[in-house]
Amino acid sequence: MNIFILQVFSIIFAFSIVIFVHEFGHFIVGRFNKIGVVVFSIGFGPKIFSFYDKHGTEWKLSVIPLGGYVKFLGDESVASVNFSQTRAEEMYLSKTFVNASIFSRIFTVAAGPLANFLFSILTFSLIIFANGIASDDPVIGKVNQFYESKYDLRPGDKILKVEDRKIAEFKDIFLELSKNNYSSSTFLIERNGAVKEITLPYIFQPVVQGIEPLSAASKANLRVGDVFLSVNGKELTKFDDLRDFVLNSKGRDLKVIIFREGKEIKKTIAPALVPFEQKNGSYAEKYRIGVIGGPIFQAERITPNIVDTWIMGTRATLSVFIGTIRGIRGIILGQVDPKHLSGPIGVAHAVSDSVKSGFISFFTLIAIISTGIGIVNLLPVPILDGGHIMLLMYEGIMKKKLGDKFLRFAMILGLFLILFLIMFTTLNDIIRVLL
């Protein structure tokens with residue numbers, strides 16, 4: 001029950017924080033440009049509670065946490081506002097959104113997606129700072145429990161040699177082992193001032209280092225740190241063995257035995273066809289279970305400096321941005337089946353899945369969602385921020401607004417497209433959950 005409550009809370013928190021960041025971007029830039037803000041709402045429908053700040057803005061939390069909005073001064077009909085004198089009317093009109101400069105309006109609209117991108121950078125940066133980065137020194141940080149119990153390898157061990165080759169940096173370990181063709185290797189290590197020789201198996205064993213949300217592995221309740229011992233009764237000696245079973249499964253169930261916390265556990269996993277990007281930029285599908293592999297031991301982790309942390313956070317956000325754009329392009333070109341799109345239910349499911357893997361995984365997913373929300377809102381659909389920016393750019397260039405009939409039609413069309421997309425992705429989510 002406690003896990004269920006945690007998952008529900010995590011879903012509400014994830015949606016709320018991403019929406020708040022987006023709407024706060026609109027709000028703070030609008031206020032900076034002296035545009036009046038009437039309402040700042042997280043969620044839709046009946047309000048749970050609200051309060052007014054000193055500027056007269058109503059801040060409220062509503063029942064349905066799947067969106068939010070900022071209502072600027074002037075969004076209501078001017079005719080419905082009672083003015084006691086001409087000066088009051090002039091002050092009102094000077095603070096309305098429609099009477100702000102083109103630059104102010106474009107910047108205010110664009111600030112929502114921009115806030116999402118900045119939030120992603122900040123979140124990734126904090127994750128990197130908290131989790132640390134791999135040290136270049138050939139010192140062992142974490143060892144998978146299964147292999148730590150079977151082999152004499154411990155955190156803090158310094159690797160001096162691999163197969164008689166001196167090791168200067170951690171990456172040298174992998175360079176040397178790449179020559180061994182999946183065989184065991186001899187390591188010379190230093191521990192507490194003493195030097196000893198040990199033999200380790202090929203280090204890329206079928207170890208679970210990461211689990212993708214909404215994947216077959218997630219449905220089977222696999223955990224980070226699990227080790228695949230066998231598939232369909234056949235022992236595994238390397239991660240590539242597991243990959244081959246999955247790729248050749250044709251979607252048939254795999255009977256697996258995994259090691260977890262001193263016990264062997266039997267599970268059944270059904271690989272699914274998943275799109276992946278090829279080297280030429282096009283997309284194809286292959287069977288996957290959503291497991292990310294890794295070596296039986298990892299490097300010691302160190303805390304990076306603030307500048308490096310921010311740079312790495314920016315690169316992580318940019319990577320998500322580019323990957324999302326390529327995915328959208330793949331769908332448009334017909335290379336990716338739209339059935340892989342997820343809607344609110346799928347995102348909520350992914351969030352609840354991420355909690356199982358810990359807070360690092362949870363906040364990483366929030367950063368990814370924030371980037372995705374920013375990208376979606378920049379699409380040139382009239383009801384979205386991207387559509388509003390296009391209309392404002394037209395107004396700025398042509399020095400006139402588009403006709404009311406065209407704008408009304410464009411908004412209705414945009415609303416229809418968004419509702420259709422939500423319904424389509426929700427249907428995808430339901431089918432995916434049922435299967």
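- Residues Glu395 and Arg105 meet the side-chain proximity criterion, which asks for heavy atoms closer than 4.5 Å.
- Between Phe13 and Phe363, the ring planes are perpendicular. Angles over 60° get that label, and only those under 30° would be called parallel.
- Atoms CD1 and CG, from Ile140 and Leu153 in turn, are 5.0 Å apart once rounded to the nearest 0.5 Å.
- The local environment of CZ in Phe359 is sparse, with at most 12 non-hydrogen atoms from other residues, nucleotides or ligands closer than 6.0 Å.
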Decide yes or no on side chain to side chain contact (heavy atoms under 4.5 Å, CB included) for Lys150 and Asn144, but give the supporting numbers first. CA-CA 10 Å; Lys150 290 186 66 175; Asn144 181 272; over 6 Å; no
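- Within the 4.5 Å cutoff, no side-chain heavy atoms of His55 are placed close to those of Val37.
- Within 6.0 Å of CE in Met411 there are more than 12 heavy atoms belonging to other residues, nucleotides or ligands.
- For Phe406, the CZ atom counts as loosely surrounded, since its 6.0 Å shell holds 12 or fewer non-hydrogen atoms of other residues, nucleotides or ligands.
- Closest approach of Ser230 to Leu236, counting heavy atoms only: CA-CG, 4.1 Å.
- No side-chain donor-acceptor contact under 3.5 Å links Thr371 and Thr317.
- For the pair Ser10 and Val355, the tightest heavy-atom approach, listed with the atom from each and the gap, is OG-CG2, 3.3 Å.
- Salt-bridge annotation for Glu58 and Lys47: present, with a side-chain N of the basic residue lying under 4.0 Å from a carboxylate O of the acidic one.
- Annotation for Ile128 and Gly313: closest pair CD1-N, 3.8 Å, computed over non-hydrogen atoms.
- In this model, no donor atom of one side chain and acceptor atom of the other lie less than 3.5 Å apart for Lys60 and Ser41.
- To the nearest 0.5 Å, the span separating NE2 on His349 from OG on Ser354 amounts to 10.5 Å.
- The line from CZ of Arg243 to CZ of Arg288 is 9.0 Å long, rounded to the nearest 0.5 Å.
- Under a cut-off of 6.0 angstrom, the local environment of CZ in Arg315 is sparse, with at most 12 non-hydrogen atoms contributed by other residues, nucleotides or ligands.
- With sequence neighbours left out, Arg223 forms a side-chain contact (heavy atoms from CB on, under 4.5 Å) with Asp226, Arg260, Glu261.
- Aromatic ring pairs are classed by plane angle as parallel below 30°, tilted from 30° to 60° and perpendicular above 60°; the pair Phe27 and Phe40 is perpendicular.
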Could you please spell out the steps behind the salt bridge (charged side-chain N to carboxylate O under 4.0 Å, His left out) verdict for Lys142 and Glu300? CA-CA 7 Å; Lys142 185 177 181 181; Glu300 188 177 48; over 6 Å; no
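- When each of Leu379, Leu413, Ile383 is tested with Ile418 by the rule side-chain contact (heavy atoms from CB on, under 4.5 Å), just one qualifies, namely Ile383.
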Between Val274 and Glu285, does a side chain to side chain contact (heavy atoms under 4.5 Å, CB included) hold up when you go through it step by step? CA-CA 5 Å; Val274 178; Glu285 290 185 331; over 6 Å; no
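- Distance CZ/Phe129 to OG1/Thr309: 6.0 Å, rounded to 0.5 Å.
- Between Phe239 and Phe204, the distance separating the two ring centers is not shorter than 6.0 angstrom.
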As a quick check of understanding, evaluate side chain to side chain contact (heavy atoms under 4.5 Å, CB included) for Asp385 and His26, giving each step before the final call. CA-CA 10 Å; Asp385 294 334; His26 292 311; 3.3 Å; yes
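- When the side-chain hydrogen bond (donor to acceptor under 3.5 Å, both in side chains) test is applied to Asn33, the partners found at least two apart in sequence or on another chain are Ser104.
- The shortest distance between side-chain heavy atoms of Tyr394 and Ile389 does not fall below 4.5 Å.
- Listed by first then second residue, pairs satisfying salt bridge (charged side-chain N to carboxylate O under 4.0 Å, His left out) with a partner in residues 10-32 read Arg31-Asp53, not counting sequence neighbours.
- Nearest heavy atoms, Thr426 versus Ile422: OG1-O, 2.6 Å.
- Residues Asn116 and Ser370 have side chains that bring a donor and an acceptor to within less than 3.5 angstrom of each other.
- Rounding to the nearest 0.5 angstrom, the gap separating the CD1 atom in Ile430 from the OG1 atom in Thr425 is 10.0 Å.
- When side chains are defined from C-beta on, Leu61 does not count as touching Ser50, because their heavy atoms never get closer than 4.5 Å.
- The distance from the CD1 atom of Ile412 to the CG atom of Leu417 is 12.0 Å, given to the nearest 0.5 Å.
- Partners of Ala350 according to the side-chain contact (heavy atoms from CB on, under 4.5 Å) rule, which considers only residues two or more places apart in sequence or in another chain, are Pro213, Leu214, Leu365.
- In this structure, Asp404 places its CG atom where only 12 or fewer heavy-atom neighbours from other residues, nucleotides or ligands lie under 6.0 Å away.
- Taking Ala14 as the reference, Val351, Phe362, Ile366 meet the side-chain contact (heavy atoms from CB on, under 4.5 Å) condition, with sequence neighbours excluded.
- Aromatic ring orientation, Phe321 versus Phe117: perpendicular (interplanar angle above 60°, classes split at 30° and 60°).
- By the 4.0 Å N-to-carboxylate-O rule, Lys238 lies close enough to Asp241 to be salt-bridged with it.
- At least one side-chain heavy atom of Leu222 sits less than 4.5 Å from a side-chain heavy atom of Ile269.
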Mind running side chain to side chain contact (heavy atoms under 4.5 Å, CB included) on Ile375 and Ile328 for me, showing each step along the way? CA-CA 10 Å; Ile375 293 171; Ile328 293 173; 4.1 Å; yes
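- In this structure, the side chains of Lys250 and Pro271 stay at 4.5 Å or more apart for every pair of heavy atoms.
- Distance alone, capped at 3.5 Å, places no donor-acceptor pair between the Asn131 side chain and the Ile127 backbone.
- In terms of heavy-atom proximity, Val224 sits nearest to Gly210 at CG2-CA, 4.2 Å.
- At most 12 heavy atoms of other shown residues, nucleotides or ligands fall within 6.0 angstrom of atom CZ in Phe9.
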Worked verdict on Asp353 versus Ser218 for side chain to side chain donor-acceptor pair (under 3.5 Å): CA-CA 7 Å; Asp353 272 357; Ser218 177; 2.5 Å; yes
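- Of all heavy-atom pairs between Ala299 and Ser135, the closest is CB-O, 3.9 Å.
- Each of Thr108, Val38, Val98 was evaluated against Phe72; a single residue qualifies, Thr108, per the side-chain contact (heavy atoms from CB on, under 4.5 Å) test.
- Leu391 is listed as a side-chain neighbour of Leu407, based on a closest heavy-atom distance under 4.5 Å.
- Screening Val320, Thr364, Ile17, Val347 for a side-chain contact (heavy atoms from CB on, under 4.5 Å) with Ile369, the sole residue that qualifies is Val347.
- At most 12 non-hydrogen atoms from other residues, nucleotides or ligands lie less than 6.0 angstrom from CZ of Phe32.
- With sequence neighbours excluded, the residues satisfying side-chain contact (heavy atoms from CB on, under 4.5 Å) with Ile12 are Val8, Ser16.
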